[in-house]
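Worksheet for the structure shown next.
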Amino acid sequence: MKIINNGNLKLAVQKNGRLTENSIQLLRNCNLDIEKFDDRLLISIRNYQLDILFLRDDDIPEYVQDGVADLGIVGEDVVQEQNANVKVVKKLDFGKCKLGIGIPEDVELNDIRALENKRIATSFPNILNNFLIRNNIKATIITISGSVEVAPSLGIADYICDLISTGNTLKLNKLKSSITVLDSEAVLIKNKNLIKSSDKYQSYLKLLGRIESALNARNSKYLMMNVPQNSLSIILKIIPSLKSPTVLSLAKENELAVHAVIPAEKFWEIVDDLKSAGASGILLLPIENIVL
Ligand code: ATP
Ligand code: MG
């Protein structure tokens, strides 16, 4: 594949799959102006020295390893399976899934040793092989490229090792989930030879900073409320603030406004306590970026 060498940083993302939407959303949260890309292989970002390459996810680790792309966003499962020689820079908190052993519904499997001498079908032979070696277990790995879950009913394998999210596909095939082999999520990977003194490296560091601030912001919310003056100390104890909350006076006497940045998942745990302590006009707002 021929790619223009315009000196821009090149980031590979999945073209059309489970990681595409979240990858693009994360980059947009970094204030990158990403136009419609439809069937294009490569787009240049108007407001950053960056080109985005759209690829099959299986191709991303190798392209980053070989320097065709400087960076990539891809599942940890794919990086590990290919044993690509790239640096995993950051976990991105989406595309979470589990690579696990699926077993027939009527089998009880609580001990890894029960995998001994079994035939396990998978499209992740390298990850499974490393897992078996680490646990000192001898089993037969049967490599299949798709629809691994039908292998036990066809009599080709005893168990499977596959990506499991809800377990519904397993259930349809009279299988259930057991031992976890790998917890995976999307990661940012980097070519190991990116030269530290280069302009590209500076663009990379700046982009990484923006990604980190976007990730911090995603998990946080801005909480605002009015509180009676005499409830202030109780309310401040309830708020799980990341930094000290801001307390502002209001035109109305004996009433204050309290603002705080809180972990998003805490809101529903504290809202009833805040109301009982006298808080009113409670607002929860999204935050675009947090620079720590
Ligand atoms: P491509 O056409 O790019 O090769 P694909 O079909 O190989 O796509 P997807 O199914 O889009 O890949 O999955 C991409 C990644 O999403 C996986 O490698 C994995 O990291 C992650 N993922 C998250 N949840 C799941 C899930 N429930 N099943 C499979 N993969 C999942
Ligand atoms: Mg793929």
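Remember, it's 1-based here, ligands and their atoms both numbered in the order they're listed. Along the sequence shown, residues carry numbers from 1. Values reported hereafter were calculated over all heavy atoms of this structure, with side chains retained and with hydrogens, waters and symmetry mates removed.
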Sequence neighbours left out, cut at 3.5 Å: what donor-acceptor pairs do the side chains of residues 274-292 make with other protein atoms?
residue, atom, partner, partner atom, Å
Ser276, OG, Asp272, O, 2.7
Asn289, OD1, Ser213, OG, 2.8

Less than 6.0 angstrom from the centroid, inside 45 degrees of the normal: does Lys190 satisfy that with respect to the ring of Tyr204? yes
Give the atom numbers and elements of ligand 1 that come within less than 4.0 Å of a heavy atom of Gly17. 11 (O)
Relative to each other, are the rings of Tyr222 and His259 parallel, tilted or perpendicular (30° and 60° limits)? perpendicular
Using a 6.0 Å cut-off, check whether atom CD of Glu212 has over 12 heavy atoms from anything other than its own residue. yes
Ligand 1-proximal atoms of Gln14, by part, heavy-atom distance under 4.0 Å: side chain
Looking only at heavy atoms, is any part of Thr166 under 4.0 Å from ligand 1, and if so is it the side chain, the backbone, or both, or is it neither? neither
Between Asn126 and Glu81, is any side-chain donor less than 3.5 angstrom from a side-chain acceptor? yes
2.8 Å cut-off (strict), protein N, O or S atoms about the Mg ion (ligand 2): 2
Please enumerate all residues that pass salt bridge (charged side-chain N to carboxylate O under 4.0 Å, His left out) together with Arg46, with sequence neighbours excluded. Asp33
Just to be sure I read this right, does ligand 1 sit under 4.0 Å from the backbone of Asp57, its side chain, both, or neither, counting only heavy atoms? both
With Lys206 as the cation and Tyr48 as the aromatic partner, state whether NZ or CZ is under 6.0 Å from the six-membered ring centre and within 45° of the axis. yes
Counterpart residues, salt bridge (charged side-chain N to carboxylate O under 4.0 Å, His left out), relative to Lys171 (two or more places apart): none
